[in-house]
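This structure is a prediction, so every number in the text was calculated from the model and none was measured. All values below come from the heavy atoms of this structure, side chains included, with hydrogens, waters and symmetry mates left out.
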Amino acid sequence: MAQYEKYWLKVWNDKRIFESEAVPGRKKAFVTFPFPYMNGPLHIGHCFTATRVDIYARFKRMQGYNVLFPWAWHWTGESIPGMSYRLSLGDEGVRKAFLEIDGVPESEVERFVDPEYLASYYTRVSREAVKDTGFSVDWRREFRTVDPAFKKFIDWQYLRLRELGYVVQGTHPVVWCPHDESPTGDHDRMEGEGVSPEEFNLLKFEVEGGKKRWLVAGTLRPETIFGATNVWVHPEGKYVEANVDGEAWVVSQSAVTKLSEQLHDAKITDEFKGSDLVGLKVKAPITGKSLPVLPATFVDTEIVTGVVYSVPAHAPYDYMGLLDLQEGRAKAPPAAVLLAKELKPISLISIKGYSDIPAEDEVKKRGIKDSNDPKLEDATAELYKAEFHRGVMKENTDRFKGMKVSDAKEKVIEEMKRKNLLSIMQELPERVVCKCGTRCYVKILENQWFLNYSDPAWKELTKTVIRAANVYPEQSLEWYFSTIDWLRNWPCARKSGMGTKLPWDKEWIVETLSDSTIYMAFYTICQFVNGEKLQFGQLLPEVFDYLLMGKGSDAHVSKLSGIEMKVLKAMRNEFLYWYPVDMRNSAKELIPNHLTFYAFHHAALFEQKHWPRGFSVNGMIQIEGQKMSKSRNVFITWRHALEQYGADGLRATLALAADGMDDADWKAKNAEDISSKIDSLFPFIEKGLANSTEREKELSDRWLLSVVHGRIDVVTKSLEEMKIRKALSVALLDVWNDIRWYLRRAEKPRYETLKMVFETWIRLVAPFIPFTSEELNSKMGNKGLITTADWPSVVDFPLDEAAEVSELLVAKVIEDARNLLKIIKEQKKRLTIYVSSDVASEYFRELAKSEKGGSDRGEVIRKFASSGIKPERVIKLQYELGEELVRRISALGRFDEFAVLSSAAPFLSNEIGIEVRVFKAGDKKTEDPANKAKDALPFKPSFYLE
RNA sequence: GCGGGGGUCGCCAAGCCUGGUCAACGGCGUGGGGCUUAGGACCCCAUCCCUUAGGGGUUCGUGGGUUCGAAUCCCACCUCCCGCACCA
């Protein structure tokens with residue numbers, strides 16, 4: 001970090017220029033960045049997104065807006081306590097990540113077993129990084145989502161949402177960790193990422209003989225019951241008889257827990273080994289066929305009921321299991337082998353491209369030799385998919401024959417349900433292990449609280465929020481709408497973790513994405529809490545009703561809460577002044593959740609005038625072309641980047657990284673280049689001014705001032721639309737190139753021109769690189785702060801079309817001449833330039849006018865017929881120059897090319913490297929030994945090289 | 001699979017909505033020159049191919065189509081990225 005960066009930080013801080021108060025009547029801009037989650041240090045991804053916010057904030061401030069940019073910290077949720085817990089268990093991976101990736105000192109990590117400490121540590125270091133980067137934040141409004149006052153705010157929010165019918169109760173299956181007693185989301189898993197519950201069918205096979213009891217088999221393919229030949233159990237597995245909802249079921253021991261977690265009443269009454277079941281006969285549902293129970297080691301007692309029925313014709317596992325038994329590969333009692341030998345696969349589905357026994361085809365194709373071959377997984381998946389989509393039920397399937405398998409499945413389920421032969425169990429198709437190390441299963445959670453995002457009326461209202469807002473970049477708009485359509489009810493509370501309890505049901509804690517939807521409103525008043533103008537306990541729901549909705553009288557609310565009337569009114573004023581948020585910028589990944597939730601909740605709770613006004617997103621950040629990932633150590637903390645490149649280097653690199661929804665690639669090389677480019681501003685400006693002189697304006701000055709007009713315009717418009725990259729690219733690089741041209745072009749740069757342009761330039765780049773701007777400004781001897789200076793105005797830079805077009809001509813002549821010299825390799829020592837005659841220029845202008853539908857082109861051609869200029873050459877020239885340029889040239893009226901080029905002759909000579917002289921075609925004095933003058937056309941002088 | 005966004009001259013990346021000004025902005029890289037004791041920084045030139053008079057050829061994921069004319073519009077395909085829920 002440069003020394004001057006520290007200096008300016010202190011100046012800004014001492015002058016409190018980022019502390020913003022409501023000033024009724026003054027235009028305001030309220031900008032926000034979604035508060036970051038404090039389970040780790042901020043990284044350059046945060047920095048990328050947040051830098052864009054600060055740039056916008058600084059831009060608006062310079063435009064004269066009263067700007068509020070607040071900041072807060074997200075602590076809600078289970079991730080922080082989860083990390084502490086794992087550390088306390090001695091998890092080396094977690095510890096290592098703290099030390100090596102996050103860069104936490106050993107002594108601090110010790111204390112991370114306390115989640116509060118962990119979060120406060122990261123909050124502390126992150127706050128320092130944000131501050132040192134020069135973000136123009138009003139820190140008086142800072143909070144954490146576990147602060148008591150914030151919890152009061154969430155209380156209010158959820159009470160009101162519930163009253164309005166947006167919070168509802170429901171029952172839903174979840175992946176459950178019995179240790180944590182909490183749902184286990186994807187990010188909480190050690191194993192089984194992306195696995196979600198699937199609905200299995202439980203088919204009831206009546207055990208023949210003895211008392212009435214059911215052997216219950218799990219399957220995804222109940223329609224294959226017509227091909228069942230036997231039932232499998234694991235011979236070593238633990239099985240039980242249990243009373244399930246009043247019936248005697250035989251299932252694996254682990255199935256009983258799951259059943260009772262899935263709203264069944266289940267109690268174990270007897271226990272035995274799987275081998276004890278082998279040899280029993282059971283009656284298949286619907287078909288009524290009697291099937292033997294046989295042993296198979298591929299059966300997993302942890303999955304569903306630990307009992308499956310066998311369809312060897314269509315299930316590769318079953319097919320191999322049967323062969324294993326018949327061919328003596330499986331360990332099994334002789335009686336079972338005898339039973340197995342009588343069984344033959346029963347084909348029940350016909351499918352093109354397969355034989356009668358598709359399972360056999362799949363097994364042979366893969367060279368599978370026994371039922372423990374892992375290739376059976378693939379075989380099963382492929383066959384299942386093929387049969388489900390393309391298979392047709394055969395003759396032997398009774399009233400289902402001829403149906404597509406997909407249809408038959410539904411019908412079979414219906415029928416079995418009707419006959420009470422089928423039940424349902426939610427199960428995970430793959431092993432899922434919680435980060436705490438416990439194996440998860442599916443639990444049906446009752447009476448969960450949901451945000452009712454399915455509500456069509458709410459969806460519709462939310463769409464109007466989006467429609468009414470500015471949404472940048474425009475390609476993101478569609479994503480919001482499809483998200484709104486796609487969202488279903490969202491479970492908004494959990495049983496564990498940090499956060500706010502549901503006010504009416506203290507068992508539940510408001511979940512992290514659900515407590516961060518309208519908190520921007522809290523920023524408007526949080527400074528009163530922090531400034532101890534009131535106690536958090538005084539923040540009754542009625543207080544927020546008054547502050548945010550204007551309900552109730554100040555006198556009444558003041559009396560009720562004990563908050564001073566004066567304070568209460570001031571808070572209300574702050575809210576009314578600042579709300580809504582004018583621009584909220586985040587990474588695009590938040591569109592399908594946070595940003596859309598944000599829109600939903602505002603639609604639900606706020607009047608239209610307080611709906612969000614601006615949504616903006618940017619892409620994700622990659623590091624040297626790789627996706628950021630802590631586990632692969634592709635990770636750069638904000639602090640680290642800041643130390644390395646300085647605040648402005650970091651800011652500029654990120655600002656130039658990408659626009660729109662494109663992902664940005666962080667490259668160290670790039671950051672170095674940009675940093676040194678910024679550094680070189682100092683000598684560039686210094687030298688420029690030192691070499692300048694006091695003189696009258698000439699063409700080059702008029703040109704530069706006019707061009708800057710255009711630059712200001714583009715930068716301003718780009719910033720308004722959050723096109724940060726485009727804005728900085730123009731503000732820094734294009735203006736730089738403009739000045740370079742000027743320095744080269746002007747014989748001696750004019751001090752006044754340069755000073756004015758430099759001062760404007762410094763302000764133009766100030767939102768992006770504020771430290772450098774302040775430093776440059778003070779180095780130039782100016783007193784005021786750039787941060788609070790006025791945004792450059794185009795008014796100070798008169799457009800000068802003649803000057804701009806003149807320079808275009810000069811540049812074009814240089815380009816043409818160089819091109820020509822390159823082609824003819826022979827050494828030349830003099831270039832003669834012939835500018836077109838007045839007649840030709842006149843002709844050109846008339847023709848251009850006729851293009852726009854003015855006079856008739858034929859008539860123009862006839863008028864100039866005697867001048868000796870071929871019409872097709874002029875027409876072709878117009879095409880070459882382009883519509884826009886022709887328009888600009890014609891608009892100038894008389895444009896004296898000869899004057900421009902003859903005065904530029906010394907410059908041209910310098911640029912080209914040989915002597916240059918300029919003549920006008922048709923002039924008496926013109927020397928034209930090679931007869932080239934006749935070829936001169938407007939804006940396309942002819943050349944003679946010798 | 002579903003939803004959203006992309007594929008441009010070595011790399012990054014503008015342009016595309018509103019067709020012609022596009023061999024296609026800008027940055028980086030590379031080559032050459034200047035400055036300098038030298039290096040870096042800085043400044044200038046060049047950087048698809050061919051071309052001894054400013055010209056020509058072939059390009060914008062692939063293949064078709066519309067048009068006098070397409071990187072830009074339409075269709076199909078290939079391919080990459082993001083999101084897909086009880087989780088920040």
Side-chain angles (χ1 to χ4, degrees), chain A residues 34 36-40 74 76-80 172-176 182-189 194 196 445 448-450 453 473-483 485-494 497 511-514 516 587-594 619-620 622 625 627 656-665 667 669-670 673-674 676-677 679-680 683-684 687 725-726 729-730 732-734 736-737 740 743-744 815-826 828 878-887 910-911 913 930 932 935 940 942-945:
Chain A
Y37 190 63
M38 281 297 105
N39 63 343
H74 206 190
T76 310
E78 293 175 298
S79 177
I80 292 169
H172 201 75
V174 296
V175 178
W176 185 258
S182 151
T184 308
D186 251 6
H187 300 268
D188 298 330
R189 297 179 192 174
S196 53
L445 265 189
Q448 277 195 104
W449 294 100
F450 290 87
Y453 293 142
E474 55 180 321
Q475 303 97 288
S476 69
L477 186 60
E478 206 41 50
W479 200 353
Y480 290 94
F481 290 122
S482 39
T483 300
D485 286 332
W486 162 87
L487 269 174
R488 304 190 306 259
N489 282 7
W490 182 269
C492 62
R494 294 169 62 86
E511 166 278 336
T512 68
L513 279 170
S514 303
S516 51
K588 65 182 175 185
E589 57 178 353
L590 295 194
I591 293 177
N593 43 68
H594 168 70
M620 325 281 287
Q622 301 196 319
K627 207 190 274 186
L656 280 174
D659 256 348
M661 290 207 285
D662 296 338
D663 291 343
D665 193 6
K667 291 186 179 143
K669 172 77 177 65
N670 214 232
D673 289 339
I674 292 167
S676 71
K677 205 175 267 290
D679 290 340
S680 71
F684 182 76
K687 260 168 68 182
R725 178 196 144 90
K726 165 89 173 167
S729 164
V730 173
L732 184 66
L733 305 173
D734 287 358
W736 203 322
N737 286 337
R740 274 188 192 124
L743 291 177
R744 209 148 39 99
E815 196 188 316
D816 282 357
R818 277 187 180 140
N819 192 17
L820 193 54
L821 282 166
K822 199 175 74 187
I823 293 165
I824 46 177
K825 283 152 189 160
E826 209 177 309
K828 300 287 187 182
Q878 282 185 294
Y879 176 79
E880 269 175 38
L881 295 178
E883 203 182 315
E884 159 121 17
L885 184 55
V886 169
R887 206 204 70 236
N910 266 337
E911 291 290 309
K932 294 282 185 186
D935 295 332
K940 193 175 170 68
S942 59
F943 295 160
Y944 174 56
L945 277 167

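- Not a single donor-acceptor pair under 3.5 Å links the side chain of A/Asp935 to the backbone N or O of A/Ser942.
- For A/Arg740, the salt bridge (Lys or Arg N to Asp or Glu O under 4.0 Å) criterion is met by no residue, not counting sequence neighbours.
- Taking the salt bridge (Lys or Arg N to Asp or Glu O under 4.0 Å) definition, one finds that A/Asp679 meets it with nothing, sequence neighbours left out.
- Under the side-chain hydrogen bond (donor to acceptor under 3.5 Å, both in side chains) criterion, A/Tyr453 pairs with A/His601, sequence neighbours left out.
- Between A/Lys669 and A/Asp673 there is a salt bridge, with a side-chain nitrogen of the basic residue lying less than 4.0 Å from a carboxylate oxygen of the acidic one.
- Comparing A/Val174 and A/Ala657 by the nucleotide of RNA chain B whose heavy atom lies nearest to each, the residue mapping closer to the 5' end is A/Ala657.
- Residue A/Arg740 places at least one side-chain N or O closer than 4.0 Å to OP1 or OP2 of B/C43.
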Discussion item. Can you build the contact string for nucleotides 3-10 of chain B? Use B for base contact, S for sugar-phosphate-only contact, and - for no protein heavy atom under 4.0 Å.
Written reply: BSSS----
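- For the P atoms, the distance linking B/G64 with B/A13 amounts to 29 Å, nearest Å.
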Practice prompt. Assign a letter to each nucleotide of nucleotides 45-58 of chain B from its 5' end: B, base within under 4.0 Å of a protein heavy atom; S, sugar-phosphate only; -, no contact.
Written response: S-S---BBBB----
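- A/Trp486 meets the ring pair (Phe, Tyr, Trp, His ring centres under 6.0 Å) test with no other residue; sequence neighbours excluded.
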Under-3.5 Å N/O pairs linking protein and nucleotides 29-35 of chain B:
residue	atom	partner	partner atom	Å
B/G29	OP1	A/Lys669	NZ	3.0

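- In this structure, A/Arg725 has no side-chain hydrogen bond (donor to acceptor under 3.5 Å, both in side chains) partners at least two apart in sequence or on a different chain.
- Toward the 5′ end of RNA chain B lies the nearest nucleotide of A/Pro592, the other residue of the pair A/Pro592 and A/Leu445 mapping further downstream.
- For B/U47, the paired base is B/G29 (Watson-Crick or G-U wobble, both distances below 3.5 Å).
- Evaluation of the side-chain hydrogen bond (donor to acceptor under 3.5 Å, both in side chains) rule for A/Asp816 yields A/Lys812 as partners, not counting sequence neighbours.
- Here B/A71 sits opposite no nucleotide as a Watson-Crick or G-U wobble pair (both hydrogen-bonding atom distances under 3.5 Å).
- Residues passing the salt bridge (Lys or Arg N to Asp or Glu O under 4.0 Å) test with A/Lys932, sequence neighbours excluded: none.
- Annotation: side-chain hydrogen bond (donor to acceptor under 3.5 Å, both in side chains) contacts of A/Thr483 (sequence neighbours excluded): none.
- Pair assignment for B/C77: B/G61, on the basis of Watson-Crick or G-U wobble contacts that are both within less than 3.5 Å.
- Applying the salt bridge (Lys or Arg N to Asp or Glu O under 4.0 Å) criterion to A/Lys822, with sequence neighbours excluded, gives no partner residue.
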